[in-house]
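Every value quoted in this text rests on a predicted model; they were computed, and no experiment measured them.
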Amino acid sequence: QEVSKMTKKLHAKVDHGVDGLIRVLSTLRRREFDVVGVEMEEHEGALWITLDAPDQTTDRALEHVKKLYGVHDVRWVR
């Protein structure tokens, strides 16, 4: 049985620029999520991270990122 995968884009704001980006990406990789794209606007601390994940696991990714220190406004943008 084939597992349905789709890409979803997560948006978050981080307090410490690139350090926050590294913290978010490290958490997602450690949890074995497939990160396929990253965009960042450093002056606003805004991140957009694209994940390719089975439908049932994407909500877990969102919850992991919400728990991180200095990370807020975490949501899916598509």
Side-chain angles (χ1 to χ4, degrees):
Q1 180 177 343
E2 188 174 315
V3 176
S4 161
K5 279 191 162 189
M6 63 181 271
T7 59
K8 286 185 85 172
K9 189 174 277 192
L10 181 144
H11 172 270
K13 294 244 178 141
V14 293
D15 291 340
H16 303 288
V18 174
D19 291 336
L21 169 67
I22 292 168
R23 191 168 43 253
V24 170
L25 290 176
S26 296
T27 297
L28 292 171
R29 295 299 301 150
R30 194 169 47 253
R31 302 286 183 183
E32 299 183 350
F33 289 99
D34 190 11
V35 176
V36 295
V38 176
E39 300 170 55
M40 179 177 189
E41 287 183 7
E42 189 171 8
H43 68 281
E44 293 181 13
L47 304 178
W48 293 270
I49 298 172
T50 306
L51 299 174
D52 189 15
D55 297 343
Q56 65 270 25
T57 65
T58 53
D59 288 335
R60 280 198 354 250
L62 192 74
E63 293 307 313
H64 287 305
V65 173
K66 281 182 176 180
K67 292 179 192 174
L68 296 174
Y69 173 77
V71 179
H72 44 93
D73 190 23
V74 180
R75 66 188 193 288
W76 294 115
V77 291
R78 64 176 162 132

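Remark: Leu68 CG to Asp15 CG distance equals 11.5 Å, nearest 0.5 Å. A distance of 11.5 Å separates NZ in Lys8 from CZ in Phe33, rounded to the nearest 0.5 Å. Within the model, atoms CG of Leu62 and NE2 of His11 stand 12.0 Å from one another, a figure rounded to the nearest 0.5 Å. Remark: Leu10 CG to His64 NE2 distance equals 12.0 Å, nearest 0.5 Å.
One hydrophobic cluster, built from ILVMFWY side chains closer than 4.5 Å, holds both Trp76 and Val71.
Heavy atoms only, all atoms of each residue included: Lys13 and Glu44 are closest at CD-O, 3.8 Å. The heavy-atom pair separating Lys9 from Thr50 by the smallest distance is CE-OG1, 3.4 Å. Residues Leu51 and Ala61 share a closest heavy-atom pair of CD1-CB, 3.7 Å.
Crowding of Glu32 atom CD: a count of heavy atoms from other residues, nucleotides or ligands under 6.0 Å not exceeding 12.
The side-chain heavy atoms of Leu47 and Val38, taken from C-beta on, include no pair separated by under 4.5 Å. When side chains are defined from C-beta on, Arg60 does not count as touching Arg31, because their heavy atoms never get closer than 4.5 Å. Contact annotation: the side chain of Thr27 never approaches that of Val65 to less than 4.5 Å [non-hydrogen atoms, C-beta and beyond]. At least one side-chain heavy atom of Arg75 sits under 4.5 Å from a side-chain heavy atom of Asp73.
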